[in-house]
K.L.:
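My questions will all concern the structure given below.
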Amino acid sequence: MCLKEAMKRAAAVILTVLVTGYSAISSYGAVVNNDNICTIESNSWKDWPQAVDIGASTGVVMDAETGTILFDKGMDDIRYPASITKIMTTLVALENSTLDTPVVFTETGMADAYSGSSNILPQLGESFTMEQSLYMILLKSANDVSTQVAEVVGGSVQGFVDLMNQKAAELGCINTHFNNASGLPDENHYTTAHDMALIAQAALKNEEFRKIVATSDYTIPPTNMTAGSREYRNHHAMMHQEDTTWYYEGCIGGKTGYTDSALNTLVTYAERDGMKLISVVMHGESGPSVCEDTKAILDYAYTNFKCDDAGEVVTAAGQHIVENQVLSDEEYQQQQEKDEVSDVDEPKVTDTPTPEKKDERVSRGNSLFTYVAIGVLGALVLIGILAIVVSLIKRNRKG
């Protein structure tokens with residue numbers, strides 16, 4: 001075979017591999033489908049209290065202490081999070097810095113301080129403490145501050161995003177991928193209601209986070225570049241008692257979010273009668289509608305479930321909850337005996353346990369799988385090119 005023909009065949013092989021790789025990469029950015037119609041999955045669970053539908057595309061209610069899921073509407077269906085991303089941003093910053101760490105605005109943070117975006121209108125070189133910055137992130141939902149904190153903590157925005165994705169993986173968030181610290185639109189920045197509940201649960205265990213998220217109003221004193229103070233009010237309307245329309249008794253706080261692609265998203269913490277709940281609703285039509293949805297599913301949860309003396313979640317009538325089913329005392333006893341037999345007959349697993357119910361979760365667009373696929377395809381491209389080059393060299397030598 002002549003050199004010219006060999007080169008043509010080589011080009012054809014490389015093109016085929018590259019097209020295949022491009023298709024995989026393209027699908028990587030297309031995991032969110034806002035048109036998916038989700039139903040209330042928890043209504044199909046055995047003897048589960050029935051819930052009415054909500055307007056938001058997806059939603060979940062989780063018991064904050066045990067992780068028990070009480071309401072599930074498409075909780076594993078992937079959506080854009082918008083600014084509820086900032087719960088993870090705050091958690092990662094708290095775990096990787098100190099409250100007195102200086103946050104000085106560079107061109108990186110200034111790039112997100114543009115009109116039409118939620119920001120604090122900083123000046124280049126203006127300095128805040130990390131503590132002040134985190135209040136502005138959670139209360140003001142400041143995109144520019146989120147980006148600047150990311151650079152300070154991570155060394156670069158990408159370095160911080162890597163920390164966010166590592167933390168998400170640690171928490172068992174298998175349908176989540178972050179691409180920025182703010183939640184600004186990005187097709188490769190996505191999560192689910194369930195994963196956000198896991199993130200919100202982890203954040204609530206942090207004492208400083210609990211303090212910030214429950215704060216109604218906060219004042220930033222004059223800085224090195226401004227003479228006046230800045231006053232911010234928590235965006236979560238359900239925590240303000242004077243707002244009689246949206247106030248929800250027991251609301252601790254949470255985080256709002258909105259972009260044109262995500263629509264309205266809302267994470268809410270609430271506590272009543274010793275039971276602390278986390279609700280997440282995503283892709284809601286309006287700010288008022290996600291508040292209405294949140295009230296509805298929290299009321300549903302508090303009406304139909306409670307914590308017993310042992311701290312376990314049971315139904316309002318005291319029935320047991322095991323693996324997404326309500327069991328009578330007799331059924332529960334049988335389940336316990338069955339589990340005891342299984343523990344004796346089956347060898348115990350010594351590896352780190354997977355997150356609760358992880359096997360039940362459908363991982364559409366699993367980011368880890370996608371990374372592996374893209375890596376394999378990239379390797380194939382390189383191997384193909386090397387093989388062709390070696391083949392051509394051998395042929396030329398024979399010629």
Side-chain angles (χ1 to χ4, degrees), residues 25 28-29 31-32 80-138 140-171 173 175-191 195-196 199 202-203 206 208-209 212 220 223-225 255 257 259 261-262 367-368 370-372 374-375 378:
I25 294 171
Y28 167 60
V31 295
V32 175
Y80 297 118
S83 283
I84 59 176
T85 296
K86 295 182 175 81
I87 292 176
M88 177 62 98
T89 301
T90 303
L91 176 60
V92 171
L94 284 169
E95 291 183 344
N96 293 277
S97 69
T98 60
L99 294 178
D100 58 358
T101 298
V103 178
V104 181
F105 264 84
T106 67
E107 294 289 354
T108 302
M110 295 298 295
D112 281 339
Y114 54 85
S115 177
S117 171
S118 181
N119 56 63
I120 65 164
L121 298 177
Q123 297 184 47
L124 187 64
E126 191 167 9
S127 180
F128 303 90
T129 65
M130 182 62 67
E131 182 177 23
Q132 292 168 344
S133 298
L134 297 182
Y135 274 96
M136 290 187 285
I137 288 174
L138 283 184
K140 170 62 176 173
S141 196
N143 296 320
D144 47 3
V145 180
S146 299
T147 300
Q148 193 58 63
V149 163
E151 183 180 57
V152 169
V153 176
S156 66
V157 173
Q158 185 57 54
F160 187 84
V161 168
D162 290 342
L163 292 175
M164 294 173 72
N165 286 318
Q166 289 170 20
K167 186 64 179 181
E170 290 173 11
L171 297 176
C173 302
N175 289 318
T176 291
H177 182 264
F178 294 114
N179 234 25
N180 58 58
S182 62
L184 286 169
D186 187 311
E187 65 177 1
N188 293 328
H189 186 96
Y190 54 82
T191 187
D195 284 356
M196 275 309 309
I199 293 167
N206 185 288
E208 194 61 35
F209 178 89
I212 298 172
I220 304 293
T223 67
N224 60 320
M225 303 190 75
K255 186 72 193 74
T259 65
S261 53
S367 57
L368 178 59
T370 307
Y371 289 142
V372 172
I374 293 173

K.L.:
Side chain to side chain contact (heavy atoms under 4.5 Å, CB included) between F128 and I120: does it pass, once the steps are laid out?
P.N.:
CA-CA 12 Å; F128 303 90; I120 65 164; 3.7 Å; yes

K.L.:
Which atom names give the shortest non-hydrogen contact between I84 and M196, and what distance separates them?
P.N.:
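Reported closest heavy-atom pair: O-CE, 3.4 Å.
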
K.L.:
With distance as the sole test, does Q148 use its side chain to make a donor-acceptor pair with the main-chain N or O of M110 at under 3.5 Å?
P.N.:
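No, because the side chain of Q148 does not come within donor-acceptor range (under 3.5 Å) of the backbone of M110.
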
K.L.:
What are the two closest heavy atoms between A113 and P122, and how far apart are they?
P.N.:
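Shortest heavy-atom separation between A113 and P122 comes out as CB-CD, 3.7 Å.
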
K.L.:
Roughly how far, to the nearest 0.5 Å, is the CD1 atom of I87 from the CD1 atom of I199?
P.N.:
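Here the interatomic distance stands at 8.0 Å.
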
K.L.:
Taking atom OG1 of T89 and atom NZ of K167, what is their separation to the nearest 0.5 Å?
P.N.:
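So the OG1 of T89 and the NZ of K167 are separated by 13.5 Å.
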
K.L.:
Could you check whether any side-chain heavy atom of T259 comes within less than 4.5 Å of a side-chain heavy atom of L184, counting everything from C-beta outward?
P.N.:
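Of all side-chain heavy-atom pairs linking L184 with T259, none is under 4.5 Å.
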
K.L.:
Do side-chain atoms of S182 reach the backbone of S146 as a donor and acceptor pair under 3.5 angstrom?
P.N.:
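Checking the backbone N and O of S146 against the side chain of S182, no donor-acceptor pair under 3.5 Å is found.
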
K.L.:
Say whether, by atom type as modelled, one donor and one acceptor occur between the side chain of Q123 and the main chain of M225 under 3.5 angstrom.
P.N.:
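Indeed, once roles are kept as given, a pair shorter than 3.5 Å links the two residues.
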
K.L.:
Please assess T85 against K255 for the test side-chain hydrogen bond (donor to acceptor under 3.5 Å, both in side chains), listing each intermediate value before the final yes or no.
P.N.:
CA-CA 9 Å; T85 296; K255 186 72 193 74; over 6 Å; no

K.L.:
Could you tell me the separation between the CD atom of E208 and the CG atom of L94, rounded to the nearest 0.5 Å?
P.N.:
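Answer rounded to 0.5 Å: 6.5 Å.
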
K.L.:
CE of M164 to NE2 of H189: how many Å apart, nearest 0.5 Å?
P.N.:
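Separation between the atoms: 5.5 Å.
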
K.L.:
Drop me the distance from L171's CG to L91's CG, to the nearest 0.5 angstrom.
P.N.:
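Rounded to the nearest 0.5 Å, the CG-CG separation comes to 7.5 Å.
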
K.L.:
Can T147 and N180 be said to form a side chain to side chain contact (heavy atoms under 4.5 Å, CB included), step by step?
P.N.:
CA-CA 8 Å; T147 300; N180 58 58; over 6 Å; no

K.L.:
Quick one: closest heavy-atom pair of F178 and N165, and the distance?
P.N.:
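Scanning both residues completely, I find the closest heavy atoms to be N-OD1, 2.8 Å.
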
K.L.:
Return the minimal non-hydrogen interatomic distance between S97 and V153, and the atom names on each side.
P.N.:
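Residues S97 and V153, closest heavy atoms: CB-CG2, 4.2 Å.
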
K.L.:
Go through it in stages, so that I can follow the logic: the residues are S141 and S83, the test is side-chain hydrogen bond (donor to acceptor under 3.5 Å, both in side chains), and I'd like the CA-CA distance, side-chain angles, deciding distance and then a yes or no.
P.N.:
CA-CA 7 Å; S141 196; S83 283; 3.2 Å; yes

K.L.:
Working note: D162 + Q158, criterion side-chain hydrogen bond (donor to acceptor under 3.5 Å, both in side chains); need CA distance, chi angles, decisive distance, verdict.
P.N.:
CA-CA 6 Å; D162 290 342; Q158 185 57 54; 2.9 Å; yes

K.L.:
Under 30°, 30 to 60°, or over 60°: which ring-plane class applies to Y190 and H177, parallel, tilted or perpendicular?
P.N.:
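Because their plane-to-plane angle lies in the 30° to 60° range, the rings of Y190 and H177 count as tilted.
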
K.L.:
Work out which heavy atom in A168 is nearest to a heavy atom in M88; give both atom names and the distance.
P.N.:
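Heavy atoms only, the tightest pair is N-CE, 3.6 Å.
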
K.L.:
Would a distance-only check, ignoring hydrogens and angles, find a side-chain to backbone donor-acceptor pair under 3.5 Å from D144 to N119?
P.N.:
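No: the side chain of D144 does not pair with the backbone of N119.
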
K.L.:
Whether the side chain of N143 engages the backbone of D112 through a donor-acceptor N/O pair (distance < 3.5 Å, no angle test) should be reported.
P.N.:
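Not at all, since once roles are kept as given, no pair shorter than 3.5 Å links the two residues.
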
K.L.:
Hey, could you give me the OG/CD1 distance between S133 and I220, rounded to the nearest 0.5 Å?
P.N.:
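Reported to 0.5 Å precision, the distance equals 7.5 Å.
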
K.L.:
When V149 is tested against each of T101, V92, T90, V103 for side chain to side chain contact (heavy atoms under 4.5 Å, CB included), which residue passes?
P.N.:
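Considering T101, V92, T90, V103, a side chain to side chain contact (heavy atoms under 4.5 Å, CB included) with V149 is found only for V103.
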
K.L.:
Under the side chain to side chain contact (heavy atoms under 4.5 Å, CB included) test against L134, which residue among M136, M130, Q132 passes?
P.N.:
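It is M130, the one option of M136, M130, Q132 that forms the side chain to side chain contact (heavy atoms under 4.5 Å, CB included) with L134.
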
K.L.:
Side chains of Y135 and K140, heavy atoms from C-beta outward: is any pair under 4.5 Å?
P.N.:
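Not in contact.
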
K.L.:
Quick check: closest heavy atoms across S127 and V104, and the distance to 0.1 Å?
P.N.:
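Looking at all heavy atoms of both residues, the shortest contact is OG-CG2, 3.7 Å.
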
K.L.:
When you compare the side chain of Y80 with that of D186, does any pair of heavy atoms fall below 4.5 Å?
P.N.:
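When only atoms from C-beta onward are counted, Y80 and D186 do not touch, as no gap falls below 4.5 Å.
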
